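Report on the structure given below.
Side-chain atoms are counted along with the backbone in the values below, which use heavy atoms only and exclude waters and symmetry mates. What you see is a predicted model, and the numbers here were worked out from it, not measured in a lab.
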Amino acid sequence: HVAADAQWLTREQGVDQRRFSLTPGFTLPHVTQGGHILTTTLNVRQDIYNGNDVPLGGGDEFSGTTTRTMPQAALEWRYPLINQLDSGSLILEPIMLAVAQTTNGNTDTISNEDSKLIELTDNNLFSINRMPGLDLVDSGSRVAYGVRGHYYAGSGVAIDGMLGQNYNIERDTPFPNSTRQGERFSDYIGRVAANYQPFSLAYRFAVDKNEAQLNRNEIDLGFNRPWLSFFGSYREIKNNSYLPDSREAVLNASMPLMDKWRIYGNARRDIELDQMVTSGGGLIYQNECFTFALDSLRVFARDRDIEPTTEFTFRVAFKNLGEFGGK
C-alpha cells in the first residue's frame, strides 16, 4: 500500500507551511491453525516540509526546508474465542499490539498545525498511528494490550466492550500516554456499549492507574427511527496534561418533513463554564442524484475583540461527482 498527503497553508500573518508526505508499506495478515491472528505491518514514511516564520522559541524563527524519514514496524496478535450460547453467541478476544519506531521524528522547524488535540481513547488505543494529523509524530516504541468482548443475543440485543492499557518503552514521547507527562503506563482505557433497536447506549472511560479515579467519563445515547433520529452525549475530561478540564453536553436531532426533505438541529454546551458553545440547524433535500442543504451555525465564543457570530451556508453534493457550497 501507498499513502500520500499534500498540504499548502498560507496566512497573512504567522506561519506559512507546505507539506508533502509519502508512506509506502505493506500489511501481511496470517492465521495459524490454532486460530491465532497475526498481522505484520511495515511502513517507511517520508516527509518534506517547507515553512516560513516558524517560531523556535526565544524570539527566533525558522524559514526553510525540513525532511524526515520514519520507519515503522508493527505486529498485532489477536485470539478470538467464540462460544455459542442458548441465548446467542459470545466472543472474547485478547489483543496485543507492539509498535517499533524512531524517537527523533519531531523538530521545532515543523509547525504543528493538525495534531493539537490528542488523547488516548478506545478509538486509537490499538491504532498503529494514533495522531489525528501528520505534523506531530507519535514517536517511540510501545505495546498496547487488552481484551475485547462481543455478545449477540437472538432477541436483537448486541453488547460489546473493551478494556486495555498502553506501555511506552521510552518516556520521551509527545503522545498523552497518561494524565501525567513522562509516565510509561497509561490510564486504563475502556468502553461498554449496547444496542437494541431503535436505542443505542455507550459508555467510555479512562481510569487513573494510580488513584482509581475517572479521568474521562463519557456517555452517549442514541435513538434512530425513520421519523426521528436523536443523539445525546455527555463528556467529562480532567487531569489531562494535554487537554483542559472540561464538561460538555451535545445534542443532535433530525426528522423528515415530507418525502426527500429533512430538518435537523444541534447544540453544544460547556457545563464547566455554564455557557453555550455552538448551536445550529438546517434544511436538507436529498434524492437519487444530489443533496442540497441550507445550514445555520451560531458560535458563542468571545475572546477580546472576537464577538459571537452567526453563519449561513449552502451545500450541493452530486452523487459520485463531489460537493460545493458557500457562505
Original post:
If you draw the axis of the six-membered ring of F20, does the NZ or CZ of R18 fall within 45° of it and under 6.0 Å from the ring centre?
Top reply: no

Subject >> Side-chain ion pair, K116 and D135, N-O less than 4.0 Å >> reply: no

**OP:** Report yes or no: does S115 contribute a side-chain atom to a donor-acceptor pair with the main-chain N or O of G133 at less than 3.5 Å?
**Re:** yes

**OP:** Tell me, with the steps shown, if E113 and S111 meet side-chain hydrogen bond (donor to acceptor under 3.5 Å, both in side chains).
**Re:** CA-CA 6 Å; E113 302 288 343; S111 176; 2.6 Å; yes

Subject >> Test item: side-chain donor near acceptor, Y234 and N217, under 3.5 Å >> reply: no

**OP:** Answer yes or no: is there a side-chain heavy-atom contact under 4.5 Å between R191 and N123?
**Re:** no

Original post:
Pick from T107, D108, L56, N52: which one makes a side-chain contact (heavy atoms from CB on, under 4.5 Å) with F62?
Top reply: L56

Original post:
Where the side chain of N124 meets the backbone of S127, is there a donor-acceptor pair that is under 3.5 Å apart?
Top reply: no

Subject >> Distance-minimising heavy-atom pair for N43 and F26 >> reply: OD1-N, 4.3 Å

**OP:** Take Y151 and S87, measure what side-chain hydrogen bond (donor to acceptor under 3.5 Å, both in side chains) needs, and give me the verdict at the end.
**Re:** CA-CA 10 Å; Y151 173 71; S87 58; 2.7 Å; yes

Original post:
Which atom pair, heavy atoms only, marks the closest approach of G105 to M70?
Top reply: CA-SD, 4.3 Å

**OP:** Please name the pair of heavy atoms, one in E170 and one in G140, separated by the smallest distance, quoted to 0.1 Å.
**Re:** OE1-CA, 3.5 Å

**OP:** Please name the residue in the list T102, V44, T23, N129 that meets the side-chain contact (heavy atoms from CB on, under 4.5 Å) test with Q72.
**Re:** N129

Subject >> Interatomic distance, Y188 atom OH to N215 atom CG [nearest 0.5 angstrom] >> reply: 12.5 Å

Subject >> Closest non-hydrogen atom pair between I128 and R142, with its separation >> reply: O-NH2, 2.7 Å

Original post:
With side chains defined as the heavy atoms from C-beta onward, is the minimum distance between Q286 and K260 less than 4.5 Å?
Top reply: no

Subject >> Exercise: identify the closest heavy-atom pair between D53 and V15 >> reply: O-CG2, 3.3 Å

Original post:
Can you tell if the side chain of N50 reaches within under 4.5 Å of the side chain of I48, non-hydrogen atoms only?
Top reply: no

Original post:
Judged by modelled atom types alone, do D16 and T10 share a side-chain donor-acceptor pair under 3.5 Å?
Top reply: no

Original post:
What are the two closest non-hydrogen atoms of A100 and S141, and how far apart are they?
Top reply: CA-OG, 3.4 Å

**OP:** Identify whether F199 and I219 are in the same connected component of the hydrophobic contact network (ILVMFWY, side-chain heavy atoms under 4.5 Å).
**Re:** no

Original post:
Do Y203 and F205 have their ring centres less than 6.0 Å from each other?
Top reply: yes

Original post:
Going by the angle between their ring planes, with limits at 30° and 60°, are H36 and Y79 parallel, tilted or perpendicular?
Top reply: parallel

**OP:** Determine the sole option in R204, R148, R216 for which the side-chain hydrogen bond (donor to acceptor under 3.5 Å, both in side chains) test with D122 is passed.
**Re:** R204

Original post:
Can you tell me if T69 and Q46 form a side-chain donor-acceptor pair at under 3.5 Å?
Top reply: yes

Original post:
In terms of side-chain geometry, is the basic nitrogen of R247 or E272 positioned less than 4.0 Å from the acidic oxygen of its partner?
Top reply: yes

Original post:
Should the pair D5-R19 be classified as a salt bridge under the 4.0 Å nitrogen-to-oxygen rule?
Top reply: yes

